[in-house]
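By convention in this document, chain letters (A, B, ...) are assigned in the order of the sequence lines, proteins followed by strands, and residues within each chain are numbered from 1.
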Number of protein chains: 2
Amino acid sequence: MGLTKTEIFTEEQNRLAVMLKAIAHPARIAILQEIIKSNTCICGDLVNDLGLAQPTISQHLKELKNAGLIQGTIEGVSVCYCINPPVWNELQDQLSGLFNSFSVKADCC
Amino acid sequence: MGLTKTEIFTEEQNRLAVMLKAIAHPARIAILQEIIKSNTCICGDLVNDLGLAQPTISQHLKELKNAGLIQGTIEGVSVCYCINPPVWNELQDQLSGLFNSFSVKADCC
DNA sequence: ATAGTTAATCGTAATATTGCAATATAAAGT
DNA sequence: ACTTTATATTGCAATATTACGATTAACTAT
């Protein structure tokens, strides 16, 4: 019915899914790459760099912020965004766990 | 308009987004974890293990397969799924690249 | 105060996703 | 051939996502 049955999964699975969903869009990947590249946090520059309208960028930033992956600080008339290390590391750790649990086995299909 | 403007992003950004979207759901995370744990590939067991209906599981498996992350082989009456190492490694490499490009800086907001 | 700049929010249209009942397909056993 | 078992497909309802024009909020500068 359009809504995920979160109650049947573990807290960890749901957390990871939320963080991944935040990253699972080319615009948000591009935004993160931009923020990381210009480690001095940017903001309205994203509207110029990517070819998306201002409300669209603002919405993508909001989703990244809701997932906790970035944080924004008001700086005069503009807003400065940057990576939020704790959650960024949490995502990295969760993914490491997932990838490390797999190794190629011979008895596979 | 509900559809992503893929044409304004790089091929890499779009590829990564597709793979991430495939993983960005608790049910599909759970499926991947199950497949990895029982390295001997399973299938209808997923319907019993997770609390989702058979068509729903089948659909999630299809999405993972479309993204190339898993592969399915018909084995008599049932189907055996397992990780598809090339794409799995591609995802791991792309994510490593993203995470390695970031390091905590002092001059942030 | 007024004007300019920057970003968030609202409202809306188009499309995608999630989940499942019902049905179809396909192989295996009787 | 018929039944059982296992999975895929279809169709549908509920909800979510994507994108943007229009507007609002908030701070700065004149």
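Although no hydrogens or angles enter the test, the distance criterion places a donor-acceptor pair under 3.5 Å between the side chain of B/Arg28 and the main chain of B/Ala22. No side-chain donor-acceptor contact under 3.5 Å links A/Asn39 to the backbone of A/Ile35.
Distance from the side chain of B/Val77 is smallest for C/dA28 among the nucleotides C/dA28, D/dT28, D/dA19. Nearest to the side chain of A/Pro55, among D/dA8, D/dG21, D/dA19, sits D/dG21. Closest to the A/Lys62 side chain, of the nucleotides C/dT15, C/dG19, C/dT9, is C/dT9. Nearest nucleotide to the A/His60 side chain, out of D/dC20, D/dA19, D/dT28: D/dA19. Distance from the side chain of A/Val79 is smallest to C/dA8 among D/dT15, C/dA8, D/dA19. Of the candidate nucleotides D/dT18, C/dG19, D/dG21, D/dT18 has the atom nearest to the side chain of A/His25.
Toward the 5' end of DNA chain D, the nearer of the two residues A/Glu75 and A/Gln54, judged by each one's closest nucleotide, is A/Gln54. Nucleotides of DNA chain C nearest to A/Thr6 and A/Lys65 differ in position, and the one nearer the 5' end is that of A/Lys65. Both B/Gly44 and A/Ala53 lie near DNA chain D, and the one whose nearest nucleotide falls closer to the 5' end is B/Gly44.
We find that CG of A/Asn66 is positioned 14 Å from P of D/dA16, with the value rounded to whole Å. Atom-to-atom, CD of B/Glu7 to C1' of D/dT18 comes out at 13 Å; the value is rounded to the nearest Å. Rounded to a whole Å, the CG atom of B/Leu52 is 11 Å from the P atom of C/dT18. Remark: C1' of C/dA8 and CD1 of A/Ile57 are 14 Å apart, rounded to the nearest angstrom. Distance, B/Leu3 CG to C/dA14 C1': 8 Å, rounded to whole Å. The CD1-C1' distance, from A/Ile29 to D/dT18, rounds to 15 Å in whole Å.
With respect to the salt-bridge test (charged N to carboxylate O, under 4.0 angstrom), the residues B/Glu90 and B/Arg15 qualify.
In this model, the phosphate group of D/dC20 is approached by a side-chain N or O of A/Thr56 to a distance below 4.0 Å at OP1 or OP2. The side chain of A/Lys21 places no N or O atom within less than 4.0 Å of a non-bridging phosphate oxygen (OP1 or OP2) of D/dA16. At the phosphate of D/dA6, neither OP1 nor OP2 sits under 4.0 Å from any side-chain N or O atom of B/Tyr81. Residue B/Thr4 places no side-chain N or O under 4.0 Å from the OP1 or OP2 atom of D/dT18. At the phosphate of D/dC20, OP1 or OP2 sits under 4.0 Å from a side-chain N or O atom of B/Lys5.
Atom CD1 of B/Ile8 has more than 12 neighbouring heavy atoms from other residues, nucleotides or ligands inside a 6.0 Å radius.
B/Leu3 and A/Ile29 are assigned to two separate hydrophobic clusters, defined by single-linkage of ILVMFWY side chains at heavy-atom distances under 4.5 Å. No path of Ile, Leu, Val, Met, Phe, Trp and Tyr side chains, each step under 4.5 Å between heavy atoms, connects B/Val87 with B/Val18, placing them in separate hydrophobic clusters.
Here A/Ser78 lies in heavy-atom contact (under 4.0 Å) with sugar-phosphate atoms only. At a threshold of 4.0 angstrom between heavy atoms, the contacts of A/Gln59 include nucleobase atoms, whether or not backbone atoms are also involved. B/Leu61 comes within 4.0 angstrom of no nucleic acid atom, judged by non-hydrogen atoms across all strands. Note on A/Ile74: nothing from the nucleic acid sits closer than 4.0 angstrom, heavy atoms only.
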